Amino acid sequence: MGRVKPPPAEVQAGAPANALWGGRFAAGPAAIMRRINASIDFDKRLYAEDIAGSQAHCAMLVARRILSPEDGAAISRGLEQIRGEIERGDFAFREENEDIHLNIEARLAELIGPAAGRLHTARSRNDQVATDFRLWVRAALDRCDAAAAELQAGLLDQADAHADAVMPGFTHLQIAQPVTLGHHLLAYVEMLGRDRGRFADCRRRLNECPLGAAALAGTVFPIDRDMTAAALGFDRPAANSLDAVSDRDFAVEFLAAAALAGTHLSRLAEEIVLWTSDGFGFVALSDAFTTGSSIMPQKRNPDAAELVRAKTGRLNGSLVALLTVMKGLPLAYQKDMQEDKVPVFEAADALELCFAAAAGLVRDMRPDRERMRAAAARGYSTATDLADWLVRELGLPFRRAHHVTGAIVRRAEARGCTLADLPLAEMQAVEPAITEAVRGALTVERSVESRASYGGTAPSRVRAAISAARERYLR
Ligand code: ARG
């Protein structure tokens with residue numbers, strides 16, 4: 001019929017103008033406008049940072065005689081009361097007050113009257129939210145660093161207990177050479193060390209204070225930006241007011257570091273899934289870290305590991321979401337940037353959960369050393385040791401030794417035995433100079449012991465690497 005539907009009643013309803021910024025407005029926003037505009041549902045998580053920022057700003061305004069000591073004291077007491085209300089769950093968050101900043105300011109006005117309105121002198125929500133968010137991400141970085149260190153501690157304890165437990169090392173998921181479980185776990189300690197390095201690096205660049213940039217251009221008031229920066233634990237004030245209110249690099253960097261850490265955790269989780277499967281049977285998990293099936297009574301599923309593996313999707317999604325929000329935004333603050341918080345909150349929650357679950361899984365793992373050793377002996381895993389022996393003892397060029405070894409592997413394959421069990425005559429048929437002494441080089445234990453180069457899998461090396469890693473990462 002082509003008739004345009006009238007807007008729903010809620011959109012037409014005239015609400016009163018916003019009490020905090022509605023001076024030039026005759027009427028309030030449509031309900032749908034209010035809903036899309038409001039961030040209080042998620043940015044209430046910034047309440048502690050918002051109050052800390054306001055306290056620092058208030059103390060600075062008093063010190064600079066922009067605010068009277070009496071008003072400053074009333075504001076400060078009011079803010080503390082609000083903190084208590086929020087923490088007790090007594091605070092009524094209101095959508096009509098948009099976000100955490102206006103919710104707190106409106107409540108402050110209820111508590112102390114018109115003096116509350118002086119707190120926003122020389123400040124804007126733009127520098128306020130940039131400051132709050134930096135403080136929040138900084139705390140999240142610190143929590144992630146501690147959680148990563150906790151996982152490193154778990155890996156190091158397991159590595160210590162199994163420094164000499166032989167297992168197959170894989171390339172292409174085919175048995176390649178014997179390694180030790182301790183050595184394998186130390187690889188993850190290194191990855192986590194780099195993750196922690198990225199957290200620290202992000203924190204260093206993040207740690208500049210936007211407060212005092214005001215809306216975008218700075219302020220006419222004689223503020224002291226060094227004072228507020230120091231009070232909030234920042235290294236210095238951010239140098240450019242336009243950049244200070246429109247930069248979200250710190251959030252992107254956090255998400256990038258989180259995505260990569262999540263990728264590492266997903267690789268560890270995948271190995272735990274493989275190792276606990278029947279085909280491998282390298283490790284068992286207890287009832288505490290597995291679940292049953294509702295139809296197959298015999299099952300024990302590694303759900304926690306699978307979920308750690310899967311959370312990578314959320315972490316990568318958060319990074320792409322924020323990069324996309326920020327792309328092409330002109331200076332300075334744009335409302336688009338309100339969409340920065342949900343991806344960061346979600347990623348931080350997911351990553352912290354994954355670190356904790358991974359630490360629990362690692363400590364729960366009970367390796368089956370016999371099965372791992374037996375698997376390590378399969379697949380002619382010591383063929384490289386044979387080639388190395390031919391080079392070292394007989395002086396063969398490595399390429400020739402490689403060829404000879406290949407022919408010997410073929411004979412073992414035909415007989416259905418391991419290299420260590422192959423009769424000497426069979427080896428000598430390929431290379432007459434081989435002696436019985438070769439056999440000592442072909443056990444999986446000898447194989448790992450002999451790889452004692454720096455960073456290698458020999459138990460002696462692994463034990464030294466564990467001490468060095470404890471020193472480097474957990475001191
Ligand atoms: N809730 C807003 C945000 O998260 C706070 C800043 C609002 N600034 C403004 N000029 N409307 O981005």
Side-chain angles (χ1 to χ4, degrees), residues 15 17-25 28-30 32-54 56-57 79 82 86 91 93-108 116-117 119-140 206 209-219 228 232 238 241-252 254-255 318 321-348:
N18 185 292
L20 292 148
W21 50 250
R24 58 111 71 218
F25 289 76
I32 196 68
M33 170 66 214
R34 231 169 61 183
R35 230 170 72 209
I36 193 170
N37 205 33
S39 53
I40 188 61
D41 273 355
F42 49 87
D43 69 14
K44 58 179 150 198
R45 285 184 75 167
L46 297 176
Y47 84 88
E49 290 76 14
D50 196 68
I51 290 172
S54 288
H57 185 64
L79 288 171
I82 292 169
I86 294 175
F91 190 93
F93 292 102
R94 289 187 212 289
E95 188 190 79
E96 59 266 35
N97 288 332
E98 276 184 46
D99 56 23
I100 186 62
H101 325 294
L102 296 186
N103 266 271
I104 289 178
E105 193 180 326
R107 177 67 183 140
L108 190 63
L119 174 60
H120 216 50
T121 313
R123 187 176 78 168
S124 149
R125 271 189 294 160
N126 298 347
D127 59 339
Q128 194 178 353
V129 74
T131 304
D132 293 2
F133 200 31
R134 276 185 196 240
L135 290 172
W136 197 92
V137 172
R138 190 175 72 185
L206 165 151
C209 187
L211 202 56
L216 73 165
T219 174
T228 42
L232 295 169
S241 63
L242 292 163
D243 179 52
V245 292
S246 61
D247 165 44
R248 294 294 182 273
D249 289 4
F250 60 95
V252 172
F254 168 65
L255 291 175
S318 293
L322 186 56
L323 283 170
T324 310
V325 166
M326 295 307 295
K327 185 217 169 274
L329 287 190
L331 298 183
Y333 177 83
Q334 316 295 331
K335 191 70 172 210
D336 309 52
M337 290 159 68
Q338 180 163 285
E339 290 291 310
D340 58 0
K341 289 166 205 68
V342 171
V344 167
F345 292 158
E346 280 200 343

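Sequential numbering from 1 along the given sequence is applied to the chain's residues. Both ligands and their constituent atoms are indexed starting at 1 by order of listing. These figures come from a predicted structure and were not determined experimentally.
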Subject >> Protein contact of atom 1 (N) of ligand 1 - nearest heavy atom, named by residue and atom, plus distance >> reply: Gln338 OE1, 2.7 Å
Subject >> Where Gly53 and Leu211 come nearest, the two heavy atoms and their spacing >> reply: O-CD2, 3.9 Å
Original post:
Do Arg125 and Glu98 meet the salt-bridge criterion of a basic N to acidic O distance under 4.0 Å?
Top reply: yes
Original post:
With a cut-off of under 6.0 Å to the ring centre and 45° to the axis, is Lys44 in cation-pi contact with Phe93?
Top reply: yes
**OP:** Output all residues satisfying ring pair (Phe, Tyr, Trp, His ring centres under 6.0 Å) with Tyr333, sequence neighbours left out; order by chain, then residue number.
**Re:** none
Original post:
Considering only heavy atoms, does His101 approach ligand 1 within less than 4.0 Å through its side chain, its backbone, both, or neither?
Top reply: side chain
Subject >> Whether His57 side chain and Thr121 backbone form a donor-acceptor pair below 3.5 Å >> reply: yes
**OP:** Report the nearest protein non-hydrogen atom to atom 5 (C) of ligand 1: residue, atom name, distance rounded to 0.1 Å.
**Re:** Asp99 OD2, 3.4 Å
Original post:
Can you name the closest pair of heavy atoms from Thr131 and Cys209 and give their distance?
Top reply: CG2-SG, 4.3 Å
Original post:
How far is atom 11 (N) of ligand 1 from its nearest protein heavy atom, and which residue and atom is that?
Top reply: Arg125 NH2, 3.6 Å
**OP:** Can you label the angle between the Trp21 ring and the Phe25 ring as parallel, tilted or perpendicular, going by 30° and 60°?
**Re:** perpendicular
Original post:
Any idea which protein heavy atom is nearest atom 3 (C) of ligand 1, and the distance to it?
Top reply: Tyr333 OH, 3.2 Å
Subject >> Nearest-neighbour protein heavy atom for atom 9 (C) of ligand 1, which is reported as residue plus atom name and distance >> reply: Asn126 OD1, 3.4 Å
Original post:
At a 4.0 Å threshold, what atoms of ligand 1 neighbour a non-hydrogen atom of Ser39?
Top reply: 1 (N)
**OP:** Check whether any heavy atom of Glu98 sits under 4.0 Å from an atom of ligand 1.
**Re:** no
Original post:
Which residue owns the protein heavy atom closest to atom 4 (O) of ligand 1, what's the atom, and how far is it?
Top reply: Lys341 NZ, 2.6 Å
